[in-house]
Amino acid sequence: MYIRKATLQDASRIVISGDDLMEFNAYDPNRDLTATLISHLSESSVVLTHNGSVLAYGGNSGDCVWFLTDDRVNYLAYAEKLCMLETIKRYRDLMLDQYGTIWNYVWVNNKSHIKFLKRLGAEFHESWTESPTTGERFQLFTIRRQDV
């Protein structure tokens with residue numbers, strides 16, 4: 001598994017996992033998923049690939065870092081999931097080398113994403129943002145160089 005720069009083809013073909021799709025809709029169910037993913041394609045956009053398939057799409061805007069997983073992640077063998085975790089950790093470390101602390105918000109009901117973030121060393125804060133469309137809550141998390 002490795003991480004490379006994302007392409008327009010990557011952003012338009014990824015099939016977002018169920019939990020990440022629910023999080024996307026929790027913020028605003030009126031958005032078009034593919035159009036939104038394409039709109040986030042930038043110089044800092046990346047994908048995690050394995051055997052020719054994109055398993056995650058993400059990137060950063062400064063110290064705000066994000067990833068969405070493809071549905072195929074659910075069908076990986078345990079060893080492949082560990083390899084994915086290690087690959088994301090290397091990307092996390094690259095971002096931490098640049099920024100010292102990285103952050104974002106996660107939907108409070110995205111349990112699989114929260115579990116994954118904990119394995120990456122995330123600290124969850126009593127700071128929330130709320131979707132202006134749905135009223136759903138999103139919790140701030142940070143990952144700091146000194147904590148991983």
Side-chain angles (χ1 to χ4, degrees), residues 1-125 129 131 134 136 138-148:
M1 288 186 197
Y2 64 95
I3 293 179
R4 65 166 169 77
K5 185 169 175 17
T7 66
L8 178 60
Q9 185 178 22
D10 297 326
S12 59
R13 288 191 177 171
I14 190 166
V15 177
I16 300 301
S17 68
D19 286 348
D20 286 354
L21 182 59
M22 286 189 298
E23 180 166 337
F24 178 84
N25 289 324
Y27 188 77
D28 183 351
N30 301 315
R31 298 179 294 170
D32 178 84
L33 176 62
T34 301
T36 302
L37 295 176
I38 290 170
S39 75
H40 283 84
L41 188 62
S42 71
E43 285 300 312
S44 66
S45 297
V46 296
V47 289
L48 183 147
T49 64
H50 177 58
N51 293 335
S53 296
V54 171
L55 296 181
Y57 170 55
N60 69 296
S61 178
D63 57 353
C64 179
V65 177
W66 59 278
F67 267 102
L68 297 171
T69 58
D70 187 280
D71 191 55
R72 287 172 279 211
V73 169
N74 296 317
Y75 304 102
L76 293 176
Y78 181 74
E80 292 171 312
K81 289 181 180 181
L82 287 178
C83 184
M84 182 177 177
L85 175 64
E86 291 306 312
T87 304
I88 296 281
K89 282 182 176 181
R90 286 192 300 274
Y91 182 79
R92 172 206 64 195
D93 292 346
L94 178 68
M95 293 291 100
L96 290 173
D97 286 346
Q98 292 181 37
Y99 300 105
T101 300
I102 54 178
W103 66 276
N104 207 329
Y105 287 86
V106 64
W107 180 44
V108 296
N109 292 317
N110 191 340
K111 302 303 181 194
S112 65
H113 210 125
I114 291 169
K115 181 179 175 182
F116 188 72
L117 288 166
K118 287 179 180 178
R119 293 186 80 180
L120 291 174
E123 177 184 352
F124 296 86
H125 303 276
T129 190
S131 164
T134 65
E136 292 286 340
F138 295 76
Q139 187 173 15
L140 174 67
F141 68 88
T142 58
I143 302 174
R144 301 180 315 156
R145 164 56 71 202
Q146 58 267 34
D147 293 339
V148 296

Neighbour count >12 (heavy atoms, 6.0 Å) for atom [atom1], [X]:
X: H50; atom1: NE2; result: yes
X: E43; atom1: CD; result: no
X: K118; atom1: NZ; result: no
X: R13; atom1: CZ; result: no

Distance, nearest 0.5 Å, that separates [atom1] of [X] from [atom2] of [Y]:
X: S45; Y: I38; atom1: OG; atom2: CD1; result: 11.5 Å
X: T87; Y: E80; atom1: OG1; atom2: CD; result: 11.5 Å
X: L96; Y: Y91; atom1: CG; atom2: OH; result: 11.0 Å

**Prompt:** In terms of side-chain heavy atoms, does T101 have a donor or acceptor partner in T142 at a distance below 3.5 Å?
**Reply:**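 Result is no, nothing qualifies.
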
**Request:** For the pair F124 and I114, evaluate side chain to side chain contact (heavy atoms under 4.5 Å, CB included) and give the outcome as yes or no after the intermediate values.
**Result:** CA-CA 9 Å; F124 296 86; I114 291 169; 3.9 Å; yes

**Request:** Run the ring-centre check on W66 versus Y57 and record whether the distance is less than 6.0 Å.
**Result:**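 Judged by ring-centre distance (under 6.0 Å), W66 and Y57 do meet the cut-off.
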
**Request:** Assess the pair F67 and F116: is the distance between their ring centroids shorter than 6.0 Å?
**Result:**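 No, the ring centres sit 6.0 Å or more apart.
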
**Asked** What do the steps show when you test T134 against Y27 for side chain to side chain contact (heavy atoms under 4.5 Å, CB included), and what is the final call?
**Response** CA-CA 6 Å; T134 65; Y27 188 77; 5.9 Å; no

**Item:** Beyond-backbone contact of R92 with V148, side-chain heavy atoms, under 4.5 angstrom
**Value:**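 Touching, per the 4.5 Å side-chain cut-off.
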
**Request:** Would you please test L55 and L76 for side chain to side chain contact (heavy atoms under 4.5 Å, CB included) and show each step?
**Result:** CA-CA 10 Å; L55 296 181; L76 293 176; 3.9 Å; yes

**Request:** Take H113 and T69, measure what side chain to side chain contact (heavy atoms under 4.5 Å, CB included) needs, and give me the verdict at the end.
**Result:** CA-CA 9 Å; H113 210 125; T69 58; 5.9 Å; no

